Asker: 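What follows is a single structure, and I will ask about it in a moment.
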Amino acid sequence: NTKSEYGKRMVFDDHDRQMMERRFLLTSVIRKALDDETFRIFYQPIYSFRNQSYTKAEALLRLYDENLGWITPDEFIPIAEEQGLIHDLGLYVLEHVCRKLVDRKKKGLPPVGIHINVSTVQFSKNGFFASFMEIIDRYGIDPSQIVMEVTESIMIQSFDFIMAIMKRFIDRGVCFSLDDFGTGYSSLNYIAALPISSIKLDKSFIDRSEKSDVYALLIKNVVEIARGLKIELIVEGVETTGQVKTLTKIGCEAMQGYYFSKPLPETELDNFFYQDISR
Ligand code: C2E
Ligand code: CA
Ligand code: CA
Ligand code: CA
């Protein structure tokens, strides 16, 4: 018995050490990728049934390392947050998105909206608003082309503090979207309290709705609540024709997922916008 307990401990410590080493390694990979500007941004088109086309896309970070291969944001974002690198990384994303928008403008292409994921940690930094707006203004971007995706974890900060920052952004035209909706606890509260213009319904909802009528009913109700509040609802992670049919029947107007398109490298994005795929 003692022996097996001892064995377990060893395994546990080994795992811990490996995790620490990986974290340490990734921290330096993140630093280097920031310095070398090798982070890439992929864009996943968001389909709007009202416009019968793609008028928006979500920017998603991609990181490739020669030795480690592709590293997923689910792994490197928490490390960047922990190591205080998320602030620079967040501004990096915005800067590259702005460059993309300027490039489109130069080509005479119609304006599009870009959703950017913003970590709760970024909000806590002094000067966040100023540094964000400085980039938008430097590129001469219309702020209403930028939508910041935030999760309900921003509510860990004081409500007044968060509201004050959001209001400053909104005054300039930047909008907010509540990401991963339905994964937390008091989401309905947050829809009512926060100045958001859209909600992203988490993939887990649409997945579970196929097996459970309760989830299908929940989606239907979220659609109605959103419509009542004049907030746009975007359903995430839509993968199948069946899901699109169900969601359309319920009255969902915006969707995103592999059914429409995977996240695309910048060069492939322009072909996607404003195409009519009414079917
Ligand atoms: P998220 O914001 O919820 O983004 C949606 C994730 O679902 C993306 O994963 C996307 O590639 C994936 N996805 C989209 N459609 C489908 C689908 O139909 N099926 C499936 N199975 N997956 C789908 P990704 O790109 O790996 O990003 C993971 C998370 O990392 C994001 O979740 C977001 O929280 C975070 N992230 C990504 N880029 C950034 C960034 O620039 N800043 C911050 N702070 N976080 C980011
Ligand atoms: Ca998101
Ligand atoms: Ca999400
Ligand atoms: Ca997510």
Side-chain angles (χ1 to χ4, degrees), residues 26 30 33-34 37-47 54 56-64 69-98 100 113-125 128 132 135 146-154 175-184 187 190 196-210 222 232-244 247 252 254-266 268-269 272:
L26 286 186
I30 295 169
L34 270 172
E37 295 201 42
T38 50
F39 271 107
R40 295 188 59 198
I41 294 160
F42 275 43
Y43 294 86
Q44 187 175 35
I46 299 171
Y47 188 73
Y54 301 91
K56 290 184 290 197
E58 175 177 5
L60 294 158
L61 268 171
R62 293 290 176 265
L63 175 59
Y64 182 81
W70 290 99
I71 305 158
T72 67
D74 283 327
E75 187 178 15
F76 68 73
I77 294 289
I79 297 172
E81 288 175 343
E82 201 181 275
Q83 302 294 324
L85 297 168
I86 193 70
H87 307 287
D88 284 346
L89 192 50
L91 296 177
Y92 178 101
V93 173
L94 177 65
E95 176 126 22
H96 284 255
V97 164
C98 286
K100 171 78 193 152
I114 302 290
H115 282 232
I116 294 177
N117 291 285
V118 179
S119 156
T120 291
V121 179
Q122 289 177 256
F123 275 82
S124 62
K125 176 147 175 150
F128 169 59
F132 207 88
I135 294 173
I146 304 291
V147 178
M148 293 169 84
E149 291 195 3
V150 298
T151 64
E152 60 180 46
S153 72
I154 58 165
C175 288
F176 288 88
S177 183
L178 190 60
D179 201 359
D180 300 340
F181 181 77
T183 56
S187 305
Y190 298 150
I196 49 170
S197 55
S198 67
I199 298 169
K200 311 255 328 242
L201 190 70
D202 194 71
K203 182 179 188 327
S204 57
F205 262 82
I206 179 75
D207 287 347
R208 276 179 270 183
S209 72
E210 300 202 307
V222 173
E232 181 185 35
L233 180 75
I234 303 168
V235 181
E236 286 192 291
V238 178
E239 291 179 347
T240 67
T241 315
Q243 291 175 338
V244 174
L247 290 168
C252 288
M255 297 176 206
Q256 181 183 355
Y258 295 169
Y259 174 82
F260 299 96
S261 170
K262 294 208 166 183
L264 303 168
E266 195 185 311
E268 289 171 38
L269 183 70
F272 241 92

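Being a predicted model, the structure only gives us computed values, none of them experimental. First listed ligand is number 1; within each ligand, the first listed atom is number 1.
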Asker: Can you sort out which atoms of ligand 1 are near D180, meaning under 4.0 Å from one of its heavy atoms?
Answerer: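 Once the distances to D180 are compared, the set is 3 (O).
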Asker: Does V93 have a non-hydrogen atom less than 4.0 Å from ligand 1?
Answerer: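 Distance cut 4.0 Å: V93 passes for ligand 1.
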Asker: Has ligand 1 got any nitrogen or oxygen that is less than 3.5 angstrom from a nitrogen or oxygen of Y258?
Answerer: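 The answer is yes, given that Y258 and ligand 1 share an N or O pair closer than 3.5 Å.
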Asker: Please classify the I41 to ligand 1 contact at 4.0 Å (heavy-atom distances, strictly less than): side chain, backbone, both or neither.
Answerer: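 It is neither part, as no heavy atom is under 4.0 Å.
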Asker: Examine K262 relative to Y258 and say whether NZ or CZ is less than 6.0 Å from the centre of the six-membered ring and inside a 45° cone about the ring axis.
Answerer: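 Cation-pi check for K262 and Y258: passes.
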Asker: Given side chain to side chain donor-acceptor pair (under 3.5 Å), test E37 with H96 step by step and report yes or no.
Answerer: CA-CA 10 Å; E37 295 201 42; H96 284 255; 3.1 Å; yes
Asker: What I want to know is whether N117 and ligand 1 share at least one N or O pair that is separated by under 3.5 angstrom.
Answerer: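 N117 vs ligand 1: N/O contact under 3.5 Å present.
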Asker: For ligand 1, which atoms, with element, lie under 4.0 Å from some heavy atom of S119?
Answerer: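 Matching atoms, with element in brackets: 44 (N).
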Asker: Flag the pair K56 and E232 as a salt bridge only when some basic side-chain nitrogen lies within less than 4.0 angstrom of an acidic carboxylate oxygen.
Answerer: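 Result for this pair is yes, salt bridge flagged.
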Asker: I'd like to know if the side chain of S119 and the backbone of V121 have a donor-acceptor N/O pair within less than 3.5 Å.
Answerer: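 Yes, S119 side chain to V121 backbone: donor-acceptor pair under 3.5 Å.
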Asker: Would you call C98 and E95 a side-chain contact if the rule is heavy atoms closer than 4.5 Å?
Answerer: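 With C-beta onward as the side chain, the pair stays apart.
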Asker: Quick check on Q256 - does any of its heavy atoms sit under 4.0 Å from an atom of ligand 1?
Answerer: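 Flag not set, Q256 not near ligand 1.
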Asker: With heavy atoms only and a cut-off of under 4.0 Å, state how K262 meets ligand 1: side chain, backbone, both or neither.
Answerer: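 For K262, no heavy atom sits under 4.0 Å from ligand 1.
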Asker: Taking only heavy atoms of E58, which atoms of ligand 1 are found under 4.0 Å from at least one of them?
Answerer: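 Counting from 1, the qualifying ligand atoms are 2 (O), 4 (O).
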Asker: What about the rings of Y43 and Y54, do their centers lie closer together than 6.0 Å?
Answerer: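 Between Y43 and Y54, the centre distance exceeds or equals 6.0 Å.
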Asker: Output the list of atoms in ligand 1 that are nearer than 4.0 Å to some heavy atom of G257, sorted by atom number.
Answerer: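 So the atoms of ligand 1 that pass are 15 (N), 18 (O).
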Asker: With heavy atoms of E236 as the reference, note each atom of ligand 1 found under 4.0 Å away.
Answerer: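 Numbered from 1, ligand 1 contributes 3 (O), 5 (C).
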Asker: Step by step, work out the side chain to side chain contact (heavy atoms under 4.5 Å, CB included) result for F39 and F76.
Answerer: CA-CA 11 Å; F39 271 107; F76 68 73; 3.8 Å; yes
Asker: To the nearest 0.5 Å, tell me how far I71 CD1 sits from I77 CD1.
Answerer: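 Answer rounded to 0.5 Å: 11.5 Å.
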Asker: Indicate yes or no: does E58 engage K200 in a salt bridge with an N to O separation below 4.0 Å.
Answerer: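 Looking at E58 and K200, the cut-off is met.
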Asker: Would you call E236 and K203 a salt bridge, taking side-chain N to carboxylate O under 4.0 Å as the test?
Answerer: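 Judged by the 4.0 Å cut-off on N to carboxylate O distance, E236 and K203 do not form a salt bridge.
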Asker: Take every heavy atom of R62, measure it against each atom of ligand 1, and state whether any distance is under 4.0 Å.
Answerer: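 The answer is yes: ligand 1 sits under 4.0 Å from a heavy atom of R62.
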Asker: Taking only heavy atoms of G237 into account, list the atoms of ligand 1 that are under 4.0 Å away from them.
Answerer: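 With G237 as reference, the close atoms of ligand 1 come out as 16 (C), 17 (C), 18 (O).
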Asker: Please confirm whether K200 comes under 4.0 Å of ligand 1, counting heavy atoms of the residue only.
Answerer: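 No; K200 lies far enough from ligand 1 that no heavy-atom distance drops under 4.0 Å.
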Asker: Please determine if E149 has a nitrogen or oxygen closer than 3.5 Å to a nitrogen or oxygen of ligand 1.
Answerer: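 For ligand 1, there is no N or O atom that lies under 3.5 Å from one belonging to E149.
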Asker: Checking D202 against S204 for the side chain to side chain donor-acceptor pair (under 3.5 Å) test, could you report, in this order, the C-alpha distance in whole Å, the side-chain angles of both residues, the deciding distance, and whether it holds?
Answerer: CA-CA 5 Å; D202 194 71; S204 57; 2.9 Å; yes
Asker: Taking only heavy atoms of E239, which atoms of ligand 1 are found under 4.0 Å from at least one of them?
Answerer: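 In order of numbering, the contacting atoms are 17 (C), 18 (O), 19 (N), 20 (C), 21 (N).
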Asker: Where do L264 and L269 come nearest, in terms of heavy atoms and distance?
Answerer: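 Minimum heavy-atom separation between L264 and L269: CD1-CA, 4.3 Å.
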Asker: So which protein N/O/S atoms does the Ca ion (ligand 2) have within less than 3.0 Å?
Answerer: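 Listed by chain and number, the atoms are E58 OE2, N117 OD1, E149 OE1, D179 OD2.
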Asker: Evaluate side chain to side chain donor-acceptor pair (under 3.5 Å) for H115 paired with E149, printing each intermediate quantity in order.
Answerer: CA-CA 6 Å; H115 282 232; E149 291 195 3; 2.8 Å; yes
Asker: Among L61, I86, I206, D207, whose heavy atom sits nearest atom 40 (C) of ligand 1?
Answerer: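 Among L61, I86, I206, D207, the closest heavy atom to atom 40 (C) of ligand 1 belongs to L61.
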Asker: Looking only at non-hydrogen atoms, find the nearest pair between L178 and T151 and report the distance.
Answerer: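 Residues L178 and T151, closest heavy atoms: CD1-C, 4.0 Å.
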Asker: Should K203 be listed as contacting ligand 1, given a heavy-atom distance under 4.0 Å as the test?
Answerer: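 Yes, that is the case, since the closest heavy atom of the residue is under 4.0 Å from the ligand.
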Asker: What are the two closest heavy atoms between L61 and I41, and how far apart are they?
Answerer: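 Residues L61 and I41, closest heavy atoms: CD2-CG1, 4.1 Å.
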Asker: Q44 heavy atoms, cut-off 4.0 Å: which ligand 1 atoms fall inside?
Answerer: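 Per the distance check, 14 (C), 15 (N).
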Asker: Nearest heavy-atom pair of R62 and P73: which atoms, and what distance?
Answerer: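 Result for this residue pair: NH1-CG, 3.7 Å.
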Asker: Which is closest to atom 45 (N) of ligand 1 by heavy-atom distance: I77, I116, T72?
Answerer: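 Answer by nearest heavy atom: I77.
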